[in-house]
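Order of appearance sets the numbers: ligands from 1, and atoms from 1 within every ligand.
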Amino acid sequence: MTYAIGVSAAYAPTTALCGDLTLLHDVGSLVWNAGRGYDCVFVVPNNDGGAIFSFLPQHELPEFEELFATPHGLELGAICRGAGAGHALVERAADLIPAVERAREAGGVHAVEVPIDRARNVELHAAVHEAVAAALEPPTM
Ligand SMILES: Cc1ncc(C[n+]2csc(CCOP(=O)(O)OP(=O)(O)O)c2C)c(N)n1
Ligand SMILES: [Mg+2]
């Protein structure tokens, strides 16, 4: 968040993608900078934890959820309101771009939160991997 708000401060209104854990990890930046005249919109895919860690070998460990995925169950809207940032919850794909546009037009720091499913994300990645691997397989003689 710090980097994106820095870009918006130094350069121009900015739109950035920011995971839910990344937002929480850097929440001090939100608290400190929201409402200080920066124009920065964060699109926040919220999968209640770190999906990227599901691609590590540790994914198979019994303690994976507690130690790596770290689901937080927090309400990001409440955190944004507490920080003085805007917040919108988007639950349909067609609503995403209008919500981002509204936030950009309003100015200031905003989060546009999009709830997504962590397990489904892993399944979709596996399906894409398989499709690419199949497409790249040399033809059999
Ligand atoms: C600037 C910065 N801060 C912190 C990290 C450490 N980090 C790596 S992955 C991650 C969280 C990933 O979870 P999330 O943001 O929810 O994204 P997801 O994988 O669910 O899409 C964090 C905090 C980092 N890589 N870079
Ligand atoms: Mg996440």
Side-chain angles (χ1 to χ4, degrees), residues 1-140:
M1 303 198 97
T2 306
Y3 297 130
I5 293 173
V7 170
S8 75
Y11 180 59
T14 302
T15 304
L17 187 66
C18 176
D20 55 309
L21 272 195
T22 301
L23 184 151
L24 294 170
H25 185 94
D26 202 16
V27 75
S29 177
L30 191 69
V31 169
W32 192 249
N33 292 303
R36 288 182 184 247
Y38 307 123
D39 296 320
C40 193
V41 176
F42 292 96
V43 175
V44 183
N46 183 3
N47 48 20
D48 195 25
I52 195 171
F53 307 126
S54 300
F55 300 101
L56 300 174
Q58 290 91 320
H59 189 213
E60 306 307 323
L61 296 175
E63 56 271 53
F64 173 79
E65 276 290 299
E66 187 186 357
L67 297 185
F68 290 88
T70 58
H72 47 81
L74 293 169
E75 198 193 317
L76 300 187
I79 290 170
C80 289
R81 279 190 292 281
H87 174 266
L89 186 65
V90 164
E91 291 181 300
R92 298 183 332 151
D95 296 336
L96 176 60
I97 300 297
V100 170
E101 283 171 353
R102 272 196 302 277
R104 284 179 67 98
E105 280 160 19
V109 176
H110 294 258
V112 176
E113 178 185 357
V114 186
I116 59 169
D117 187 282
R118 192 145 42 81
R120 184 79 186 117
N121 175 59
V122 177
E123 288 168 12
L124 286 172
H125 266 79
V128 170
H129 265 258
E130 274 174 34
V132 170
L136 294 178
E137 257 170 29
T140 48

Check against side chain to side chain contact (heavy atoms under 4.5 Å, CB included), Asn47 and Asp117
CA-CA 5 Å; Asn47 48 20; Asp117 187 282; over 6 Å; no
Specify the protein heavy atom at minimum distance from atom 17 (O) of ligand 1: its residue, its atom name, and the distance to 0.1 Å.
Gly19 CA, 3.8 Å
Who's closest to atom 12 (C) of ligand 1 heavy-atom-wise, of Val44, Ile52, Asn121?
Ile52
Which ligand 1 atoms does Phe53 reach within 4.0 Å, using its non-hydrogen atoms?
9 (S), 10 (C)
Protein non-hydrogen atom below 4.0 angstrom of atom 26 (N) of ligand 1 present
no
Could you find the nearest protein heavy atom to atom 1 (C) of ligand 1 and give me its residue, atom name and distance?
Tyr3 CE1, 3.8 Å
Tell me which N, O or S atom from Asp20 is the closest to the Mg ion (ligand 2).
OD1
Closest approach of Glu113 and Leu76, non-hydrogen atoms and distance?
OE1-CB, 3.7 Å
To the nearest 10 degrees, how large is the angle at the Mg ion (ligand 2) between Asn47 OD1 and Gly49 O?
80°
Applying side-chain hydrogen bond (donor to acceptor under 3.5 Å, both in side chains), run through Arg104 and Thr15 and close with a yes or a no.
CA-CA 8 Å; Arg104 284 179 67 98; Thr15 304; 2.4 Å; yes
Any non-hydrogen protein atom below 4.0 Å of atom 9 (S) of ligand 1?
yes
How about Asp39 and Thr14: do any of their side-chain heavy atoms sit closer than 4.5 Å?
no
Contact between Leu89 and Pro115 at the side-chain level, heavy atoms closer than 4.5 Å - yes or no?
yes
Evaluating non-hydrogen atoms only, which member of Asp20, Leu23, Leu17, Asn47 is closest to atom 16 (O) of ligand 1?
Asp20
Kindly indicate whether atom 23 (C) of ligand 1 is approached by any protein heavy atom to under 4.0 angstrom.
yes
What residue and atom, counting heavy atoms only, is the protein's closest point to atom 6 (C) of ligand 1, and at what distance?
His25 CE1, 4.7 Å
Return the minimal non-hydrogen interatomic distance between Tyr38 and Ala9, and the atom names on each side.
CE2-CB, 3.5 Å
Nearest-neighbour protein heavy atom for atom 18 (P) of ligand 1, which is reported as residue plus atom name and distance:
Ala51 N, 3.5 Å
Closest to atom 15 (O) of ligand 1 among protein heavy atoms sits Thr22 OG1, 2.6 Å
Which class fits the ring pair Phe55 and His125: parallel under 30°, tilted 30 to 60°, perpendicular over 60°?
tilted
In the complex you have, is atom 4 (C) of ligand 1 within reach of the protein, judged by whether a heavy-atom distance drops under 4.0 Å?
yes
Ionic contact status for Arg120 with Glu123, cut-off 4.0 Å:
yes
